[in-house]
Amino acid sequence: MITLRINGQPRQFPAPLSIAELVVELDLAGKRIAVEKNGEIVPRSQHGNARAADGDQLEIVVAVGGG
Amino acid sequence: MDALVIAGKTYSSRLLVGTGKYKDFAETRAAIDASGAQIVTVAIRRTNIGQDPNQPSLLDALPPSQFTYLPNTAGCYTADDAIRTLRLARELLDGHDLVKLEVLGDPQSLYPNVVETLKAAEVLVKDGFKVMVYTSDDPIIAKQLEDIGCVAVMPLASLIGSGMGILNPWNLRIIIDRLSVPVIVDAGVGTASDAAIAMELGCDAVLMNTAIAGAGNPILMASAMKKAVEAGREAYLAGRMAKKTYQASPSSPTAGLIGS
């Protein structure tokens, strides 16, 4: 079991997984999002290779209305 | 109207609008269409994990193919948070590098923290961003932001969302006179005359959100703002008549009056 901190909330997963797998797990596949892992951008082209491991801090963002 | 050029790209509209505070995306879209704006600001926020993934998104209502997105750093109080937010925005929008930097001082006034703003601008410009920067109406800071390499400097007219209009037109004039990059009044516009005054002062454009979204009829106000910005720009280009404080000047001929 691993724990990831996603958008400030702890979430548990059975094993380490790729960012692409994580995006599917979170029902965000196909959505326009951006991902940061431990303060560094994970480019979309790297989502298949980049892994999320125990203790990683992830931020997943979207564009919303704003001024 | 003459074109607005920001970072080498030409825009026919001199009105930039925010996309926040609308009732729904349909109203957002209708208001933005009525405003004629080509550049729209957006905020970057965490996804709501677990929310219905099929609910409509802003990008569906305002396709990035039809508008120039200007991701902002609203809500950031440090240079670091603003830089991280805009790096996420660039990733989110496929390398789009035109951004609105704002670093705020406190949540009551939302007044810009110019020290953090200068720090963030340095880093972002070096990182290849085209930075349009929200700042106070301090002419010295405005010039420093231009010198750092910001592509537009955007002083406030009054506090964000206050609708108080242009409180210090003289500072804006100093900024307009001293800077070469576009000067865009951002924040504080309340109604159409405020936008017209900003443009008559010589601002290159006006950016607003609440003045439209917070109006009784946002779509009608968007249309009013479009006309005000155009009217103000034309009046500025035309050059206003000189003010004659103590001496009237008749508009009709003084000769040929009957009984003379």
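Quick note on labels: first sequence line is chain A, next is B, and so on, each numbered from 1.
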(request) Kindly indicate, with the supporting measurements, whether the criterion side-chain contact (heavy atoms from CB on, under 4.5 Å) is fulfilled by B:Tyr134 and B:Thr117. (result) CA-CA 8 Å; B:Tyr134 172 65; B:Thr117 302; over 6 Å; no
(request) Only one of A:Ile6, A:Asn7, A:Val61 passes side-chain contact (heavy atoms from CB on, under 4.5 Å) with B:Thr47; say which it is. (result) A:Asn7
(message) Would you say that more than 12 heavy atoms from the other residues, nucleotides or ligands in this model lie under 6.0 Å from the NZ of B:Lys226, or not?
(response) no
(request) Before accepting this row, confirm whether a basic side-chain N of the pair A:Arg51/A:Asp56 lies closer than 4.0 Å to the acidic partner's carboxylate O. (result) no
(request) Output yes when a side-chain donor or acceptor of A:Asn49 lies under 3.5 Å from a complementary backbone atom of A:Gln46, and no otherwise. (result) no
(request) Could you tell me whether B:Asp80 and B:Lys119 have a side-chain N and a carboxylate O separated by less than 4.0 Å? (result) no
(message) Could you check whether any side-chain N or O of B:Asp127 sits under 3.5 Å from a backbone N or O of B:Phe129, counting only pairs where one atom can act as donor and the other as acceptor?
(response) no
(request) Could you check which of B:Asp94, B:Leu92, B:Asn209, B:Thr28 has the highest count of heavy-atom pairs closer than 4.5 Å to chain A? (result) B:Leu92
(message) Among B:Gly18, B:Ala43, B:Pro71, B:Gly20, which residue has the highest count of heavy-atom pairs closer than 4.5 Å to chain A?
(response) B:Ala43
(request) Any chance you could measure B:Leu15, atom CG, to B:Lys227, atom NZ, to the nearest 0.5 Å? (result) 13.0 Å
(message) Shorter than 4.5 Å, heavy atoms on both sides: which option in B:Thr85, B:Val17, B:Val42, B:Leu88 has the most such pairs with chain A?
(response) B:Leu88
(request) Output the residues of residues 57-69 of chain B for which the shortest heavy-atom distance to chain A is under 4.5 Å, in residue-number order; output 'none' if no such residue exists. (result) B:Leu58, B:Leu59, B:Pro64
(message) Counting heavy-atom pairs under 4.5 Å with chain B, which one of A:Gly30, A:Ala63, A:Gly39 comes out on top?
(response) A:Ala63
(message) Could you report the tightest heavy-atom contact between B:Pro56 and B:Phe25, atom names first, then the distance?
(response) O-CE1, 3.4 Å
(request) Name the region of B:Lys21, side chain, backbone, both or neither, that has any atom closer than 4.5 Å to a heavy atom of chain A. (result) neither
(message) Quick check: closest heavy atoms across B:Val103 and B:Thr73, and the distance to 0.1 Å?
(response) N-OG1, 4.5 Å
(message) For A:Ile33, which atoms come within 4.5 Å of any heavy atom of chain B: side chain, backbone, both, or neither?
(response) both
(request) Check whether B:Leu70 gets within reach of chain A through its side chain, its backbone, both or neither, counting any heavy atom under 4.5 Å. (result) neither
(request) Report the C-alpha separation of B:Thr78 and B:Glu116 in whole Å, then their side-chain angles, then the decisive distance to 0.1 Å, and conclude whether the side-chain hydrogen bond (donor to acceptor under 3.5 Å, both in side chains) test is met. (result) CA-CA 6 Å; B:Thr78 65; B:Glu116 292 294 305; 5.1 Å; no
(request) Would you kindly say whether B:Asp194 and B:Thr191 are connected by a side-chain donor-acceptor distance under 3.5 Å? (result) no
(message) Would you compute the distance between atom CG of B:Leu145 and atom CG of B:Asp138 and round it to the nearest 0.5 angstrom?
(response) 9.5 Å
(message) Using a 4.5 angstrom heavy-atom cutoff, name the option from B:Met208, B:Arg87, B:Arg84 with the most pairs to chain A.
(response) B:Arg84
(request) Find the one option among A:Glu40, A:Glu59, A:Arg44 whose heavy-atom pairs under 4.5 Å with chain B are most numerous. (result) A:Arg44
(request) Would you indicate whether the side-chain heavy atoms of A:Val42 and A:His47 approach each other to under 4.5 Å? (result) yes
(request) Select all residues of residues 151-166 of chain B having any heavy atom within less than 4.5 Å of some heavy atom of chain A, and report them by number, or 'none'. (result) none
